[in-house]
Amino acid sequence: MINFSVKIMTTYIGVSMPPRYEPRRVEEKWQKIWAERRLFEATEAPSRPKYYVLEMFPYPSGRIHMGHVRNYSIGDVVARYKRMRGFNVLHPMGWDAFGLPAENAALARNLHPAKWTYDNIDYMRGQLKELGYSYDWPRELATCDPDYYRWEQLVFLEMFRRGLAYKKKAPVNWCPKCETVLANEQVEGGLCWRCDSEVSLKELEQWFFKITAYADELLADLDRLSHWPERVLTMQRNWIGKSTGAEILFPLKDGGDPITVFTTRQDTLWGATFMSLAPEHPLALSLAQGTSQEAAVRDFVEHWRAQDRSRGVLEELTKEGVFTGRYCRNPVTGWDMPIYVANFVLMEYGTGAVMAVPAHDQRDFEFARKYDLPIKVVIQPPGEELRAEDLQAAYEDEGTLVDSGEFTGLASAAAKEAIAAFLEKESRGRRAVHFRLRDWLISRQRYWGAPIPIIYCEKCGLVPVPAKDLPVQLPLDVQISGEGGSPLARLASFTDVPCPVCGGPGKREVDTMDTFVESSWYFLRYACADYQEGPLDKNRVDYWLPVDQYIGGIEHAVLHLLYARFFTKVLRDLGLARIDEPFTRLLTQGMVLKDGAKMAKSKGNVVDPDDMIQAYGTDTTRLFLLFAAPPERDLEWSDQGVLGGHRFLHRLWTLAQNLLPAIKEAAPYQGPGADLPAALGDFRQKVHQTIQKVTADIEDRFHFNTAIAAVMELINAFYQAAEDHSREEKAPAVFREALEAVLKLLYPIVPHITEELWENLGYNTSLQLAPWPEPQAEALVETARTVVIQINGKVRSRIVVAASMSDQHLQDAAINDPVIQKWLQGQPPKRVVVARGKLVNIVI
RNA sequence: GCCUGGGUGGCGGAACGGGUAGACGCAAGGGACUUAAAAUCCCUCGGGGUUCGCCCCGUGCCGGUUCGAGUCCGGCCCCAGGCACCA
């Protein structure tokens, strides 16, 4: 007979006092052991199933913040869990190391951006190691390393060769504070994504990646990303913005090239009564030439050019326009349509010319009312008859065509198809698809980025740097003056090079690449970070990719995640990878808030991970972050909550230490269960139910909060069982089985404390190498169950019955329950419903 | 305006095939231990009523379907995020 009542042990101060839980000691010990044993370094093993889990790599801004800790803790749980499930897990980490903050810091503190960046990396790497993440450190990479960006330059050259990287003059977004241009994706609500400055338009010659060549595939493949959050898919779909319609030719009344418009509503063609051109449209001025409207049009266009085109202003702008003095002809009605220049027509979208259908487009409607232009109804809504003179607003929905020649009577959808076919047959137009997505502007007028490997030669023009001359190294001997313009332009030793083709004088491109280019392929490079023969080692990339689980913030829904998808497809087409999509599953974790607001230095509500580690340890910090909310939701930081997590780990530690003397020599119970007394059997059932629940919560949903709650429940029951049933003969075996299960279930979440307790149990191999526990069917079999009895849907009683009881017997038992008898008052029930053997509803 | 989420105790959150609303934790209140405090342990903890058996109400609002609705359907309100003259 044994006795290890927890209560006695905890209050008895004697020689066998168990060791105290000292998080820092335990954590440092195990971090050292993991590193020595190289436990997390992955090698390709084609015979084993692989699992690639990745968290978005950080910008080395100086310190790891709580948002990072949350992000990486989620990833670490997945990595450790999958290893226990037998997967060959790749879990790398690196640094998104190019970027503007390095230049700003250089200015503010007179430090070289490289020095600042690498110092930050060193500090933050130390933090990540203290946090105990199971990274494959030998694969670590920093994108500012020439060994990394040289391959990016090679890919650029290949893209250039194929016309996927090109230079053009275009109106581009300019951030005055960052003193550089921005891609469309990097302008959020008219403001710079990084510094919130108002962005203006500048006409500049810039480098672009032809992402629009992949627009269709980028859109279509979203349907294959069934494990991405719906809102990210929606945001990408909106961003790509595919519109299916037709281009239609409108002949000019008095000759010349016809005007081409794009419309998605060719079913309203019979209602087109005038034409609107964008002010930038080349025809705007040329058409007006020689008419009485010439001066008016010139005024209007010039006024438009001077117009402040920042977002706020454009939104308030009223719809205005000016007649050009010329007419075109509606190709189907033959009507003369006056041609206007209108301030709401965008040159960047479609063809810059719009057929105006005032009855069925609100903008055209307002414009027509203002300038007294004809309105003609050609679409009738169901069950109603619109008349042009009564219209208060345009009818923009679909309906039935009227007054539309041979197409009258068709529904809009059918008419669109029929009219498109008709236009093609008559050579007056064609089916067409337009996208909102614009090409990706990748040049930046900044220093701390990857140089674009191009040389300008007066004789040969644009010359790619030969592959053998790569990398084009970013020179380190620059003065960061903050005077605007790239410092590279002032560095003759960098710019002045001979033309690789003719040997004559050449000048290097001084713009650098958008840092989003580096993050568009780092996840591929991790598969072969040491590869020196090219950007990617195809064998290893084919083994590891795609990333099975990607985890990061929602803020990259359109930015990084769209660029990375594009780049993956490009690399595939270059023969460097065989995947179509880089990330099979995506988890967008919520923000870490304090006092309802995002943690920020300016708000003074920052909780520093270093302080948490010092005070409570990394296990407690991880536990709190994983327990306080499901990962995709925002998480409110709570110092009290952290304390609660810490308390739980103490409880676990104390329980284990107190059980240890009695169970150390015991073998874990293995079944069959029939020989256990009822109470121990119930406890063992709880253990296996918990295994089942935790496995499902982690595997299917990543709901670590409920997984942790389930283990907490088990620990509570464990204390009770240890108190009540420790004298049973089988108790040591059952408790050992239970404790081992608890340690395994908690290991991915709090790896250090569980490793220590696992070792205390007498094991000398890492818990990481132990298999994930399986719930045993025999332990889950219920002998009795509680059944809820309702009267008219309200719970009135509960009875405990044999698990084997049939629905019919259950029904009888329910009706015979004394409480229910009282409710029935001798009347027979009208109806009885038995649900899943767990509930009986009696209708009276 | 459109799209996507979401509204559940004092708080974070559970309830994942319509079937016990509030698991787990935090805070709060009471008690045990202690000279005392901390730590720990036990009890209570949605609102109202109560003969202490229970009863009534309750998941943003209104209505519906159903034996039964936090969950499904229709209409509305509010919050967060995204897009926004895209023809």
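All chains are named by letter (A, B, ...) in the order of the sequence lines, taking the proteins before the strands, and each is independently numbered beginning at 1.
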What is the distance, to the nearest angstrom, from the [atom1] atom on [X] to the [atom2] atom on [N]?
X	N	atom1	atom2	result
A:Glu320	B:C85	CD	P	17 Å
A:Arg436	B:C83	CZ	P	8 Å
A:Arg237	B:G5	CZ	P	11 Å
A:Lys838	B:G19	NZ	P	13 Å
A:Ile791	B:G19	CD1	C1'	15 Å
A:Glu632	B:G6	CD	C1'	12 Å
A:His360	B:C85	NE2	P	23 Å
A:Glu555	B:U4	CD	P	22 Å

Taking the ring centre of each residue, are A:Phe704 and A:Phe702 less than 6.0 Å apart? yes
Donor-acceptor pair present, A:Lys830 side chain and B:C67 base, under 3.5 Å: no
Counting only distance, no hydrogens or angles, is the base of B:C83 paired donor-acceptor with the side chain of A:Asn238 under 3.5 Å? no
Does RNA chain B take part in any stems of at least 3 consecutive Watson-Crick or G-U pairs (both distances under 3.5 Å), and if so, which ones? B:1-7 with B:77-83, B:10-12 with B:24-26, B:28-32 with B:40-44, B:46-49 with B:54-57, B:60-64 with B:72-76
Inter-nucleotide [atom1] distance ([N], [M]), Å rounded:
N	M	atom1	answer
B:G70	B:U59	P	7 Å
B:G81	B:G17	C1'	31 Å
B:C11	B:G48	P	15 Å

Does B:C57 have OP1 or OP2 sitting under 4.0 Å from an N or O in the side chain of A:Lys794? yes
